[in-house]
There are 2 protein chains.
Amino acid sequence: MQKESAPICTNWTSQNKLWSNLAEVAEFLHVPMPQALQRENVLFQHMHFKAGQRIHTLGQNFDSLYLVNSGFIKTILFDEFGTEQVLSFPMKGDVLGMDSIHCAHHSSEAIALSDCDIILLPYKTIATLSHSYDQLGQAIFGLMSKELARQQTRLSIHGSASAEARVAKFLLSLSERFFLLGYSKSTFNLRMTRNDIGSYLGLTLETVSRTLSALNELGLISVSQRHICINDAEALRNLRKLPSNKLKAKISECFQSSTISAWGMAPALN
Amino acid sequence: MQKESAPICTNWTSQNKLWSNLAEVAEFLHVPMPQALQRENVLFQHMHFKAGQRIHTLGQNFDSLYLVNSGFIKTILFDEFGTEQVLSFPMKGDVLGMDSIHCAHHSSEAIALSDCDIILLPYKTIATLSHSYDQLGQAIFGLMSKELARQQTRLSIHGSASAEARVAKFLLSLSERFFLLGYSKSTFNLRMTRNDIGSYLGLTLETVSRTLSALNELGLISVSQRHICINDAEALRNLRKLPSNKLKAKISECFQSSTISAWGMAPALN
DNA sequence: CGTCTAGTTGAATCGCATCAACAAGCGTGG
DNA sequence: CCACGCTTGTTGATGCGATTCAACTAGACG
């Protein structure tokens with residue numbers, strides 16, 4: 001259970017500023033880099049944020065996209081009554097701010113959940129570069145499109161899935177993302193509070209807590225505070241809903257045994 | 001209550017095909033058209049769909065965006081268990097298919113809710129044009145960004161709002177969109193079923209039906225089948241939740257009068 | 001005429017939110 | 001050091017709101 005004090009950043013020096021050239025950014029975005037542009041001398045500024053700081057705030061002028069080089073972030077939206085809704089948990093390689101391109105001001109906020117190193121991609125620069133460097137423009141199209149598709153599947157989850165299924169899917173998606181970044185897919189630390197998770201999933205923090213406890217009791221995961229260990233990814237994937245409390249009560253009325261084995265993979269039960 | 005047999009299309013002939021030039025498409029997308037391109041002779045094909053037909057289907061090769069010239073559409077996503085989730089109700093001026101740019105196949109389906117005239121915007125053409133015609137590329141960025149922002153507010157509604165508030169917001173947004181297209185903002189026909197609305201809002205069709213009835217009884221709207229008349233948009237805007245049934249029951253126990261006036265604007269009640 | 005789909009309405013149930021009490025972790029300051 | 005407040009997380013009891021199941025009506029269509 002590593003202390004967070006040793007950051008994983010590669011090209012990190014103790015200064016607050018650092019610059020990346022176009023080739024580095026291109027690699028980050030998985031865009032092929034044509035020879036003709038190899039000597040383009042555009043530089044992109046890095047910015048450093050401490051945990052809790054805002055990368056951008058509601059209403060702030062929009063002039064730049066943000067590429068996450070290291071660290072963890074949450075983005076939030078405020079509804080008409082001022083309550084906040086968590087939209088995403090960006091991490092290394094993700095791009096923020098695309099939802100604000102269409103207007104002059106940011107419609108959401110982004111808050112660092114840990115110390116972060118962020119690369120600024122001024123929108124004007126990106127737009128200009130897209131001329132001569134069409135693969136970049138296409139890459140941005142691709143990024144936004146993927147983001148749209150992700151939001152759509154989130155919507156469908158919000159629409160229909162049970163609390164258990166939502167939490168399970170959330171854990172699996174984190175697991176997947178950590179894996180793609182080269183970390184363990186089965187054990188990791190949550191960077192956000194139960195409240196944040198609840199907001200993200202459309203649940204209350206109590207429900208999230210209870211659900212994690214339930215999955216823990218079933219042995220599908222092991223939870224202790226923010227440390228998560230996924231024991232049975234397949235079961236999580238197939239999970240629709242846990243047996244209802246009433247059902248549980250009835251069953252445990254019958255079998256007074258204290259160790260009741262694997263229920264929870266509900267396809268059979270539902 | 002007009003028959004639908006008289007379409008509103010302007011440049012419609014009885015043929016199934018028709019072509020638009022770049023200037024027309026640009027105007028549709030509200031993109032300024034530079035002189036240099038005035039004589040660009042790109043043509044965009046129209047396609048005609050009858051109500052119930054699919055504009056594109058799940059898994060179909062992606063090679064084109066779709067610009068709605070007339071008619072009403074729903075787009076749907078299938079979750080892992082095959083149940084469908086309504087994603088949007090595009091109408092005149094909206095662009096479909098942007099969620100599939102990032103991969104070779106459509107991840108969703110689009111179904112015509114009425115007869116439709118659709119302009120095909122081949123993605124390759126758009127991408128190529130974006131070179132020389134940078135405002136077009138920016139416009140696409142803008143469209144996708146706006147779509148992202150819209151999805152985000154939908155997510156936040158799904159997360160927190162009551163059934164009444166969701167239905168109210170839905171009606172208001174339709175009203176707004178009709179208004180922007182030059183139709184009445186207060187009276188219109190729904191083109192989709194209660195089931196579609198429910199799926200779109202994350203509710204069941206019964207709940208939608210009940211909610212519409214309730215709003216009707218309160219006089220905020222008038223409903224009769226698919227015909228909607230908005231009587232008090234302001235009240236709809238401010239609506240958080242209706243008084244609970246239990247509360248209602250209690251109140252009507254006390255006042256046995258049959259005409260109980262305007263409750264429903266719940267800010268005071270919540 | 002019967003059949004099918006769309007919509008309405010009622011009654012019962014369930015899942016999650018709400019309210020509340022409590023434990024654990026953590027920094028602060030006496 | 002412990003006392004203190006503060007945030008985060010856990011767990012229990014209760015109730016509301018939306019779902020579910022079901023019966024019924026109204027149109028559309030052949």
Side-chain angles (χ1 to χ4, degrees), chain A residues 1 3-4 51-52 74 83 113 157-167 189-199 201-217 222-228 239-250 266 269-270, chain B residues 1 3-5 51-52 74 83 113 157-167 189-199 201-217 221-228 239-250 266 269-270:
Chain A
M1 225 163 286
K3 265 296 192 203
E4 312 241 0
K74 70 170 175 182
T83 59
L113 294 176
I157 291 175
H158 267 223
S160 60
S162 70
E164 291 88 355
R166 295 189 204 194
V167 172
N189 283 301
L190 300 173
R191 304 322 231 267
M192 65 297 281
T193 66
R194 303 286 192 263
N195 201 4
D196 289 337
I197 300 175
S199 171
L201 295 176
L203 301 169
T204 58
L205 64 100
E206 293 97 329
T207 304
V208 173
S209 179
R210 270 186 252 274
T211 306
L212 287 173
S213 300
L215 296 178
N216 182 53
E217 241 177 288
S222 307
V223 203
S224 132
Q225 298 291 103
R226 298 205 178 170
H227 187 73
I228 298 280
L239 186 142
R240 273 174 186 256
K241 56 167 80 173
L242 298 177
S244 69
N245 291 330
K246 187 170 274 187
L247 201 55
K248 259 190 198 172
K250 272 186 192 163
L269 272 162
N270 196 17
Chain B
M1 230 159 291
K3 265 292 192 203
E4 313 242 359
S5 49
K74 71 170 173 182
T83 59
L113 294 176
I157 291 175
H158 268 222
S160 59
S162 70
E164 290 88 353
R166 295 188 204 193
V167 173
N189 282 304
L190 300 174
R191 305 319 230 269
M192 66 296 284
T193 66
R194 302 286 192 262
N195 201 2
D196 289 337
I197 300 175
S199 171
L201 295 176
L203 301 169
T204 58
L205 65 101
E206 293 98 329
T207 305
V208 173
S209 177
R210 270 186 251 275
T211 306
L212 286 173
S213 301
L215 295 178
N216 182 52
E217 239 176 289
I221 63 175
S222 308
V223 202
S224 132
Q225 298 290 105
R226 299 206 177 170
H227 187 74
I228 298 281
L239 185 141
R240 273 174 187 259
K241 54 166 84 172
L242 298 177
S244 69
N245 290 330
K246 186 170 274 185
L247 201 57
K248 260 192 196 169
K250 273 187 191 162
L269 273 163
N270 197 17

Student: Tell me which nucleotide among D/dA18, C/dC16, D/dT19 gets nearest to the side chain of B/A163.
Tutor: D/dA18

Student: Between atom CD of A/Q225 and atom CG of A/L190, what is the distance when rounded to the nearest 0.5 Å?
Tutor: 10.5 Å

Student: Atom CG of B/L212 and atom CD of B/E217: how far apart are they, to the nearest 0.5 Å?
Tutor: 12.5 Å

Student: Base, sugar-phosphate alone, or nothing: which one does A/T193 contact when heavy atoms must sit under 4.0 Å apart?
Tutor: sugar-phosphate

Student: Contact class for B/R210 (heavy atom, under 4.0 Å): base, sugar-phosphate, or nothing?
Tutor: base

Student: Has A/T207 got a side-chain N or O lying under 4.0 Å from the OP1 or OP2 atom of C/dA17?
Tutor: yes

Student: Base, sugar-phosphate, or nothing for A/G202, non-hydrogen atoms under 4.0 angstrom?
Tutor: sugar-phosphate

Student: Output the single nucleotide from D/dA18, D/dA22, D/dG9 whose closest atom is nearest the side chain of B/E206.
Tutor: D/dA22

Student: Name the residue closer to the 5' end of DNA chain D, choosing between B/V208 and A/N195 according to the nucleotide with the nearest heavy atom.
Tutor: A/N195

Student: Rounded to whole Å, please give me the gap between CG in B/L239 and P in D/dG17.
Tutor: 13 Å

Student: Starting at atom CG of B/L201, determine the distance to atom P of D/dG17, rounded to an integer number of angstrom.
Tutor: 18 Å

Student: Tell me what B/L205 touches on the nucleic acid: a base, only sugar-phosphate, or nothing, going by heavy atoms under 4.0 Å.
Tutor: base

Student: Output yes when a side-chain donor or acceptor of B/S162 lies under 3.5 Å from a complementary backbone atom of B/A165, and no otherwise.
Tutor: yes

Student: So B/I228 and B/S222, do their side chains get closer than 4.5 Å, heavy atoms only?
Tutor: no

Student: Find which nucleotide of DNA chain C each of A/L203 and B/M192 is nearest to by heavy atoms, and output the residue with the more 5' nucleotide.
Tutor: B/M192

Student: Below 4.0 angstrom from OP1 or OP2 of D/dT11, is there any side-chain N or O of A/S213?
Tutor: yes

Student: Given atom CZ of A/R194 and atom C1' of C/dC16, what is their separation to the nearest angstrom?
Tutor: 18 Å

Student: Of the candidate nucleotides D/dT20, D/dT8, C/dG7, which contains the atom at the shortest distance from the side chain of A/R226?
Tutor: D/dT8

Student: Take atom CG of B/N216 and atom C1' of C/dT8, then tell me their distance rounded to the nearest Å.
Tutor: 12 Å

Student: Would you mind reading off the distance between A/R240 atom CZ and C/dG15 atom P, rounded to a whole angstrom?
Tutor: 14 Å

Student: Checking contacts here: which listed nucleotide (D/dA18, D/dT10, D/dT20) is nearest the side-chain heavy atoms of A/S209?
Tutor: D/dT10

Student: Given atom CD of B/E164 and atom P of D/dC16, what is their separation to the nearest angstrom?
Tutor: 15 Å

Student: If I take atom CZ from residue B/R226 and atom CE from residue B/M192, how far apart are they, to the nearest 0.5 angstrom?
Tutor: 8.5 Å

Student: Figure out the CG/C1' separation between B/L212 and C/dT9, and round it to whole Å.
Tutor: 14 Å

Student: Let me know the distance between NE2 of A/H158 and C1' of D/dA18, rounded to the nearest Å.
Tutor: 17 Å

